[in-house]
Amino acid sequence: MATSKTGKISKPLKKKQIASAPAKTNKTPASGKKVAGMTPLAGKSIEIMQKNSPEAALRPEPGKSQRSGARPAQKTAAHSKGIIQKGTKKSDMARAYDPAHVETRLYKNWIENDTFVPRPSKSGKRFVVPIPPPNVTGNLHLGHAMFLTLQDLMTRFHRMLGEETLYLPGTDHAGISTQMVVEKHLAKEGKTREQLGREKFLDSAWQWKEKYRDIILDQIRRMGTSCDWSRERFTMDPGMNRAVRKVFVDLYNEGLIYRDKYLVNWCPRCKTVLSDLEVNYKEETTKMVSIRYFVKAADKSIIVSTVRPETMLGDTAVALHPDDKRYKEFHGKTLILPILNREIPIILDEAVDMNFGSGAVKVTPAHDLTDYEMYKRHHLEIISVIGKDGKMARSAGKYAGLSVEQARENITEYLRNIGNLEDIQEYVHNVARCERCDTKLEPYLSEQWFVRMRPLAEETLDQMKKEKLTFVPDRFEKVFMDWLHNVHDWCISRQLWWGHQIPAYYCDQCADIVVSEDPVQTCPKCKKGSLRQDEDVLDTWFSSALWPFSTLGWPLKTEDLQKFYPASVLETGYDIIFFWVMRMVFMSTHFMKKLPFHTVYLHGLVRDEQGRKMSKSKGIGLDPLEVIKKYGADALRLSLSVGITPGNDVRLSLGKVEGNRNFVNKLWNASRFIVLNLEKTDTVLEVETRLTKRFKNLSSPSRWILTRTQQMIQKVTDDLSQYRFGEAGTSLYEYTWGEFCDWYIEIAKTDLNDDTKDILLYCMLTMLKLWHPFIPFITEELWSSFDQPSQLIIADWPMSNKALIDAKNLEDIRLAFDLVTGIRNLRAEKNIEPHRRVPIVIFAHANTDLVKSYASIIQALAKVETLTIQKEGTLKEQSVSQNVEGMEVYMPLAGLIDLEAERKKLQAEIEQKTKFIASLERKLKNEDFLSKAPKAIIESDRARLAKEKEVLRTLKVQLEKIS
RNA sequence: GGGUGAUUAGCUCAGUUGGCUAGAGCGUUCGCUUGACGUGCGAAAGGUCACAGGUUCGAGUCCUGUAUCACCCACCA
């Protein structure tokens with residue numbers, strides 16, 4: 001491929017066919033003229049000398065500060081710290097960027113200038129991102145860093161587009177988690193929550209919250225997030241609480257919240273119920289015991305198998321499949337439960353799997369969900385034998401008080417002794433565990449509050465037909481829809497103290513339940529009973545579900561609510577799609593009659609270098625603050641946004657961050673170069689206007705970089721609009737370093753006139769704008785060094801300017817670049833020191849005039865002494881050669897040439913070329929291809945073929961000349 | 001049991017609607033005080049795009065199957 005779609009020149013430059021040589025130039029005339037074979041040894045000895053030179057001692061040790069350099073210079077404080085301050089002379093810009101001293105100052109500055117506060121836009125467009133409120137339980141981790149980076153990236157992009165932008169911050173009270181850490185904290189002082197009592201416990205929880213809220217918010221700021229802090233919310237703010245109460249009461253009145261007795265997931269350690277989503281299943285190998293149950297008054301028996309023999313104390317039936325022929329004679333009989341000798345019925349139920357085990361199932365309604373369902377179908381007895389504490393209950397008789405495990409052992413042993421134990425086998429099955437503390441859960445029969453999901457799900461499905469909800473990546477749409485189609489009721493009560501207390505009140509006289517937004521003292525029904533509020537609190541996610549509208553003042557009809565609901569994009573990790581995203585969607589649909597956002601962007605999970613999930617509880621993972629301290633927030637942000645793809649997990653290594661820190665520093669130095677060479681700094685607009693007028697008169701490289709800049713503007717804008725952050729970042733990176741720095745700055749050095757200075761400035765300012773959403777700190781800092789009006793954060797996003805595009809020129813300049821690389825190749829191959837100038841002869845054939853126009857660039861960048869450019873010709877001296885796009889490039893090296901090696905090199909190239917041409921020809925002779933492929937493809941292949949043939953021809957010519 | 005994702009250079013990953021003699025960063029090798037930057041510069045080596053079929057003029061990209069890994073949902077004792 002010649003020039004790529006984007007017109008990038010980097011690809012062709014890396015081609016293998018182009019061979020060797022060293023570096024570039026400056027204006028000083030060449031000094032060392034005698035071309036001599038430079039041996040590797042000679043090079044080494046020089047290196048050794050350098051290390052021992054006095055100057056070397058001044059170099060910074062690796063990993064130490066950047067302060068000293070090879071050329072020690074007097075530095076001001078600002079200088080040495082890598083920051084730019086008002087009144088600082090430009091020449092004082094430090095050699096390396098030091099984020100630590102810049103970030104805090106800039107952040108403060110942004111806030112002082114109210115730049116994070118939404119400002120009405122001319123277009124009326126708005127962009128709203130609700131933050132996923134971090135828990136007030138601890139410190140920022142990389143998961144947070146991830147979403148903060150992406151959300152802020154979008155926010156800053158849209159703010160620069162001129163939209164009225166709101167990034168709404170806040171924190172979550174995080175019920176169980178917070179209660180757990182507060183209890184742990186109290187335990188250190190030897191206190192328990194029971195000792196303290198509810199009120200005092202809540203006091204210390206609030207204290208905890210105050211402290212950690214401040215910490216976490218501060219950490220959020222460290223990432224550079226441009227949240228509107230004036231609108232910050234906490235899920236237990238009075239306003240939020242009001243919203244929660246209203247939602248609860250409304251849903252209750254509509255019959256969508258109910259209270260019922262049900263077998264729920266109980267965590268004996270947390271002492272609360274959990275919703276199905278908060279249960280993790282983990283595989284475990286246990287013993288499955290088979291027990292013989294005898295039929296009453298007969299010697300017939302049935303064998304049942306179980307992994308939980310201790311629950312047999314609560315058995316109230318044995319179930320068989322109605323069609324199971326083996327057990328026909330047992331239908332209608334009763335069995336004697338061993339140990340207790342209780343009489344239990346045999347029931348028939350289709351839930352039984354005939355093919356599993358013996359085909360007979362013990363039924364323990366109080367401790368198994370399937371059994372509980374059978375209990376309801378068959379009107380059985382229900383006996384609970386395990387208590388809230390996870391120990392055997394009083395109903396377990398002599399086993400009461402034992403742990404479940406102990407009881408299991410004892411009962412198994414007892415069954416063995418009485419001869420009812422038939423078999424024990426290893427069995428692998430899934431065990432339910434608490435998402436928070438990993439304790440084994442017990443199904444527990446109790447009265448709880450539930451949200452009736454079916455009607456809400458259907459309402460949501462309807463709404464989603466009217467409004468499009470876009471998922472990025474789109475595969476999550478299916479996951480989302482499947483869940484909606486297969487919902488279960490949501491258990492929302494929690495036996496905790498920290499959270500929104502359920503607004504339900506019970507009468508101590510008539511047992512009536514009053515559900516009310518405001519406290520009720522006396523029973524409205526019997527008029528005499530006093531009311532006591534339900535002690536339980538709501539699932540944390542209940543309040544999070546209201547986040548998109550409760551944060552804006554709902555249920556009040558506030559201006560904010562009108563303006564900023566619905567939000568634009570909800571960005572979060574795919575792991576909380578059901579916990580949070582789903583619930584926001586159906587709650588918002590129900591109460592706002594509009595989806596809460598139009599797009600759901602789901603990022604992957606951040607993992608460590610080994611691919612392990614970052615988890616602070618396990619002590620794995622990098623601390624974002626440490627990373628920021630060492631490499632800067634910008635470097636961290638880059639590492640979490642460039643090269644990533646939505647929905648896919650990211651591995652983060654310090655090496656990656658370091659690389660990005662290096663990039664940030666590169667940007668700093670490119671700016672530094674420009675600052676040092678600029679006499680005056682005009683605004684982007686002024687420069688752009690000037691360049692637009694002069695465009696046609698500009699040099700080819702100048703037109704090239706301007707064209708590429710326009711293309712970058714277009715690409716980055718498109719990519720960011722379509723949530724392709726990784727892609728946008730990658731191209732910008734390549735443009736910044738690989739094109740602007742590596743080529744344009746080097747070319748500009750050869751002729752620093754007013755035009756080139758204008759272009760350097762224009763490109764840099766544009767680049768700073770394009771980079772700003774990714775790396776806000778350094779870009780803002782550099783922006784200020786160019787004396788631009790207003791801050792970068794609120795500058796206008798650039799627009800691609802058609803008057804600054806010259807597409808044809810991209811092709812032309814590529815030749816020049818390829819020639820430079822080709823010559824450098826030759827030099828490197830022959831170990832010519834970079835600073836030594838060499839003579840070069842180019843037979844450029846059809847490109848002669850064009851190449852001549854690039855002579856000075858080639859000469860400068862490839863360090864050429866005398867550059868001879870001719871249409872064609874013969875060689876006077878022995879030379880090494882290189883073929884660049886059909887142009888013959890020779891570097892005379894009399895006496896130092898291994899002719900055989902040269903021949904082999906050319907022959908290899910000829911062979912490769914020949915093959916490639918053959919395959920192209922085959923393709924272009926293929927009737928199917930000619931008739932079915934798009935014309936543009938055929939045309940470009942034809943052109944390609946012609947070009948390649950020319951290259952082949954010249955390669956052969958070269959081979960002859962050398963021989 | 002159902003579903004999803006991953007599998008591309010030594011490592012970590014890109015690769016938008018199929019047109020690619022397959023790219024980046026790190027690492028490796030060689031050479032550099034080249035006055036923006038050694039947190040740098042120049043050059044190079046390195047890939048049967050997991051495997052097997054298929055669709056297509058053309059497949060890293062689409063389809064089917066297989067393997068391995070990861071995850072999600074449901075949980076049958």
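Below, read A as the first sequence line, B as the second, and so on, with proteins coming before strands; counting in each chain starts at 1. Below, all heavy atoms of this structure are taken into account, side chains as well, without hydrogens, waters or symmetry copies. Quantities reported herein were computed from a predicted structural model and do not represent experimental measurements.
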Has the side chain of [X] got a donor or acceptor that lies under 3.5 Å from a partner of the other kind on the base of [N]?
{"X": "Glu746(A)", "N": "rA36(B)", "value": "yes"}
{"X": "Lys666(A)", "N": "rC37(B)", "value": "yes"}
{"X": "Lys913(A)", "N": "rU21(B)", "value": "yes"}
{"X": "Arg661(A)", "N": "rU39(B)", "value": "yes"}
{"X": "Asn430(A)", "N": "rC75(B)", "value": "yes"}
{"X": "Arg724(A)", "N": "rU16(B)", "value": "yes"}

Please name the nucleotide paired to [N] by Watson-Crick or G-U wobble geometry with both distances under 3.5 Å, or report none.
{"N": "rG65(B)", "answer": "rC51(B)"}
{"N": "rC71(B)", "answer": "rG3(B)"}
{"N": "rC13(B)", "answer": "rG23(B)"}
{"N": "rA43(B)", "answer": "rU29(B)"}
{"N": "rG38(B)", "answer": "none"}
{"N": "rG60(B)", "answer": "none"}

We want to know whether Tyr733(A) and Asn660(A) form a side-chain donor-acceptor pair, criterion being a heavy-atom distance below 3.5 angstrom.
no
Students often get this wrong, so: under 4.0 angstrom with heavy atoms, is [X] touching a base, only sugar-phosphate, or nothing?
{"X": "Phe480(A)", "result": "nothing"}
{"X": "Ser653(A)", "result": "nothing"}
{"X": "Ile745(A)", "result": "base"}
{"X": "Asp353(A)", "result": "base"}
{"X": "Gly357(A)", "result": "nothing"}
{"X": "Asp575(A)", "result": "nothing"}

Could you tell me whether Arg433(A) and Glu284(A) make a salt bridge, using a distance below 4.0 angstrom between a side-chain N and a carboxylate O?
yes
Take Ile937(A) and Ile644(A), find for each the nucleotide of RNA chain B with the closest heavy atom, and name the residue whose nucleotide sits nearer the 5' end.
Ile644(A)
Ranking Gly659(A) and Leu930(A) by the position along RNA chain B of their nearest nucleotide, the one closer to 5' is Gly659(A)
Is there aromatic stacking of Phe916(A) on rU21(B) here, judged by a ring-centre distance under 5.5 Å and a plane angle under 30°?
yes
Compute both the distance and the angle, then confirm whether Lys749(A) meets the cation-pi test with Phe673(A): under 6.0 Å from the six-membered ring centre, within 45 degrees of the axis.
yes
Looking at Glu746(A), is its backbone amide N or carbonyl O close enough to the side chain of Thr750(A) to form a donor-acceptor pair, meaning the two atoms are under 3.5 Å apart?
no
With a sphere of 6.0 Å drawn around NZ of Lys287(A), does it hold more than 12 non-hydrogen atoms of other residues, nucleotides or ligands?
no
May I ask you to verify if any side-chain N or O of Lys749(A) is less than 4.0 angstrom from the OP1 or OP2 atom of rA36(B)?
yes
